[in-house]
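None of the values given here were measured: they were computed from a predicted structure.
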Amino acid sequence: QVQLVESGGGLVQAGDSLRVSCAASGRTFSRSPMGWFRQAPGKEREFVAAISWNGGTTYYTDSVKGRFTISRDNNKSTVYLQMNMLKSEDTAVYYCAAVGAITRPSDAPSRKNDYDYWGQGTQVTVSS
């Protein structure tokens, strides 16, 4: 089992920056690809970013490329999402997720079904 706890959400203005974190406990975090997803009211949960367990591969949805950066610290069992130049359309609940299956070091999945463990989410609200 893996437990994931997100933190760092809040209310910011358009153009501001925010970093959300996800602390993991349980099984070997350092061997799990990690992802960030978000869900806005009335919409499906969508992929935002992913990082391989060795940190060497990252993958982003087009709408956040150049603005968001995913990173991880395996010594702290924590994954981060640095969000810059925030827009009102980034408003959502942000969830981190962990893959439970054995993967290649470079895998950074983008499909929800690839992830086995989810956090409870943290709200990010961007006012325009």
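- Distance alone, capped at 3.5 Å, places no donor-acceptor pair between the Tyr60 side chain and the Gly66 backbone.
- Taking the centre and axis of the six-membered ring of Tyr95, the NZ or CZ atom of Arg38 falls outside the cone set by 45° and 6.0 Å.
- Of the inter-residue distances, the one linking Trp53 atom CH2 with Ser32 atom OG reads 10.0 Å to the nearest 0.5 angstrom.
- Across every non-hydrogen atom of Leu4 and Met34, the tightest pair is CD2-CE, 3.9 Å.
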*Using the side chain to side chain donor-acceptor pair (under 3.5 Å) rule, take Thr78 and Asp73 through it: C-alpha gap first, then chi angles, then the decisive distance, then the call.*
CA-CA 5 Å; Thr78 301; Asp73 185 338; over 6 Å; no
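- One N or O on the side chain of Thr122 and one on the backbone of Gly9 form a donor-acceptor pair closer than 3.5 Å.
- For Thr91 (side chain) and Val126 (main-chain N/O), a donor-acceptor pair under 3.5 Å exists by modelled atom type.
- Of all the heavy atoms in Ala14 and Ser128, the pair that sits closest is CB-CA, 4.2 Å.
- The 12-atom threshold is not exceeded at NZ of Lys43, counting heavy atoms of other residues, nucleotides or ligands nearer than 6.0 Å.
- The backbone N or O of Cys96 lies less than 3.5 Å from a partner atom in the side chain of Glu6, making a donor-acceptor pair.
- Nearest heavy atom pair, residue Gly10 against residue Leu18, reads N-CD2, 3.9 Å.
- Shortest non-hydrogen contact noted between Pro109 and Phe47 is O-CE1, 3.6 Å.
- Residues Thr125 and Val12 fail the side-chain proximity criterion, which asks for heavy atoms closer than 4.5 Å.
- Once rounded to the nearest 0.5 Å, the distance linking CG of Asp90 with CE of Met85 reads 10.0 Å.
- The structure places CZ of Phe37 at 10.0 Å from OG1 of Thr61, a figure rounded to the nearest 0.5 Å.
- The OG atom of Ser127 lies 10.5 Å from the CG atom of Leu86; values are rounded to the nearest 0.5 Å.
- The shortest heavy-atom contact between Pro105 and Asn54 is O-OD1, 3.0 Å.
- You'll find the side chain of Ile70 stays beyond 4.5 Å of the side chain of Tyr80, heavy atoms only.
- Between Ile51 and Val79 the shortest side-chain heavy-atom distance falls below 4.5 Å.
- The shortest side-chain heavy-atom distance between Phe29 and Arg72 falls under the 4.5 Å cut-off.
- Atom CZ of residue Phe68 and atom CD of residue Gln82 lie 9.5 Å apart, to the nearest 0.5 angstrom.
- Gln123 CD to Tyr94 OH: the interatomic distance, rounded to the nearest 0.5 Å, is 9.5 Å.
- Scanning both residues, Arg111 and Tyr115, for their nearest heavy atoms gives O-CD1, 3.2 Å.
- Within the 4.5 Å cutoff, the side chain of Arg19 has no heavy atoms near those of the Met83 side chain.
- For Tyr117, the OH atom is densely surrounded, since the number of other residues' heavy atoms within 6.0 Å is greater than 12.
- Side-chain contact between Glu44 and Lys112 is present, with heavy atoms from C-beta onward closer than 4.5 Å.
- Between the side chain of Ser52 and the backbone N or O of Thr57, at least one donor-acceptor pair lies under 3.5 Å.
- Val20 places none of its side-chain heavy atoms less than 4.5 Å from the side chain of Ser7.
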